[in-house]
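Numbered from 1 within each chain, the chains take letters A, B, ... in sequence-line order. Source: prediction; values computed, not measured.
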Number of protein chains: 2
Amino acid sequence: MSHDSLNLAYLLRREGYRMTMQRQLVLDAVCEAGGHAAPEQIYEIVRRSSEAVNRTTVYRTLRLLQELKVIDAIYSNGGHLRYEISGPQPHHHLMCRRCGADVEFSHELFVPFLERINEAHGFIVDATHLTLHGKCEACFRRN
Amino acid sequence: MSHDSLNLAYLLRREGYRMTMQRQLVLDAVCEAGGHAAPEQIYEIVRRSSEAVNRTTVYRTLRLLQELKVIDAIYSNGGHLRYEISGPQPHHHLMCRRCGADVEFSHELFVPFLERINEAHGFIVDATHLTLHGKCEACFRRN
DNA sequence: CTACATGCAAAGAGTTTGCATCCGC
DNA sequence: GCGGATGCAAACTCTTTGCATGTAG
């Protein structure tokens, strides 16, 4: 999802926050990174646009954008923090351990499984951003 | 799974490692912790048995036991590292965000979903230790 | 007695916090 | 001008590494 359509200033103001250049740059960077971006990567992209942004501000802004539900926090393989723009609906990721390919799959594909879990264990799973690891088709054939 | 049945000394020797008191204590602690134990918790349990174990050794031993496939590393919600005794077969966890209850579910419940993923995206998921978060039945009713 | 294991201290990532200054509104 | 936002440095958590000493086999 691109963020061109979303009015960051409006979302911020609605919650009593202020619009700043830094906040726009961080959001732009998360979008540009194109999913699964670590804070450090986001920081680097921001720095390309402006030297005048501090690493601390990037961290603070990422947390704020997450709170505003503009971006999602994901804990990738190895437990590392990543961010990406929130999609209009929940979706999930398949990540290839070999080539790093990142395939999205829809929540619909996941729903029947969640229903079975609920039947079997009475548990309501609220995963909105699952990342599963494995091998993509090409890499699977290759070895 | 209890570890009473597994001969740590044998597994170590087979790979050229030595049996030590520390290694046994760490394994005992992971088992005693009963799943999803953070390194620090494991360290504390070990310390109850013996003052003579260093935190560094706990970390080193956890990595070693993982390499020997005696324990599994799990990245829990929030990206924190946890360990637990390896089960005889893959299984997964449901963790309640509210009360912290940890329910295991079998891999069989998961298989049909993995097959649908494979059909739809040609992806072979190798998740052997998934943790899903949500609400358990009791907590879901409560609010 | 030799090589691997340990303890200690120190370094290292990654992230957060305190506080003075800055600036959006 | 006021109160939130930023930059800077420092702290903090979690984990790993270097090296001298200890100990299993």
key: Annotated protein contacts, base or backbone, on nucleotides 19-25 of chain D with a non-hydrogen cut-off under 4.0 Å, one of B, S, - each   = ----BBS
inquiry  = I need the CD-P distance between A:Gln41 and C:dG14, as an integer number of Å.
reply    = 11 Å
note = Side-chain atoms of A:Arg23 come closest, of D:dA5, C:dT15, C:dT6, to D:dA5
task = Treating Ile, Leu, Val, Met, Phe, Trp and Tyr as nodes and any side-chain heavy-atom pair under 4.5 angstrom as an edge, say whether A:Leu12 and A:Val58 lie in one connected cluster.
result = yes
ask   = Is A:Arg55 near enough to D:dG7 that one of its side-chain N or O atoms lies under 4.0 angstrom from OP1 or OP2?
value = no
Whole-Å gap separating C1' (D:dT16) and CD (B:Gln66) = 15 Å
inquiry  = Considering every strand and a 4.0 Å limit on heavy-atom distances, what is the contact class for B:Ala38: base, sugar-phosphate, or nothing?
reply    = nothing
message = Under 3.5 Å, is there any donor-acceptor pair linking the side chain of B:Thr56 to the base of C:dA9?
response = yes
With a 3.5 Å cut-off and sequence neighbours excluded, list the donor-acceptor pairs that the side chains of residues 107-122 of chain B form with protein atoms.
residue: B:His107; atom: ND1; partner: B:His92; partner atom: NE2; Å: 2.8
residue: B:Arg116; atom: NH1; partner: A:Leu109; partner atom: O; Å: 3.4
residue: B:Asn118; atom: ND2; partner: B:Phe123; partner atom: O; Å: 3.3

ask   = Roughly how far, to the nearest 0.5 Å, is CG of A:Leu65 from CD1 of A:Ile71?
value = 4.5 Å
request  = Could you tell me the separation between the CD1 atom of B:Ile45 and the SG atom of B:Cys31, rounded to the nearest 0.5 Å?
outcome  = 10.0 Å
inquiry  = Output the rounded distance in Å from OH (B:Tyr43) to P (D:dC14).
reply    = 14 Å
query = Just checking, any donor-acceptor pair under 3.5 angstrom between side chains of A:Tyr83 and A:Gln41?
reply = no
remark   = Between CZ of A:Arg14 and P of D:dG4 the distance, given in whole Å, is 19 Å
query = Quick one: is D:dT6 close enough that its OP1 or OP2 comes under 4.0 Å of any side-chain N or O from A:Asn54?
reply = no
Closest-nucleotide ordering on DNA chain C, the 5'-leading residue of B:Ala52 and B:Gly16 = B:Gly16
note = When A:Pro39 and B:Val58 are each assigned the nearest nucleotide of DNA chain C, the 5'-most assignment goes to B:Val58
task = Please check if any side-chain donor atom of B:Glu67 sits under 3.5 Å from a side-chain acceptor atom of B:Tyr17, or the reverse.
result = yes
task = Whole angstrom is fine here: how far is it from OH in B:Tyr59 over to C1' in C:dA5?
result = 19 Å
query = Heavy atoms under 4.0 Å, any strand shown: does B:Gln22 hit a base, just sugar-phosphate, or nothing?
reply = sugar-phosphate
query = In whole Å, what is the span from the CD atom of B:Gln24 to the C1' atom of C:dT6?
reply = 17 Å
Rounded interatomic separation in angstrom, taking CZ from B:Arg63 and P from D:dT15 = 10 Å
query = Would one find a side-chain N or O of A:Thr57 under 4.0 angstrom from OP1 or OP2 of D:dG7?
reply = yes
remark   = Rounded to whole Å, CG of A:Leu64 lies from P of D:dG4 at a distance of 13 Å
ask   = Cluster question for you: counting only ILVMFWY and a side-chain heavy-atom cut-off of under 4.5 Å, with indirect links fine, are A:Leu81 and A:Leu62 together?
value = yes
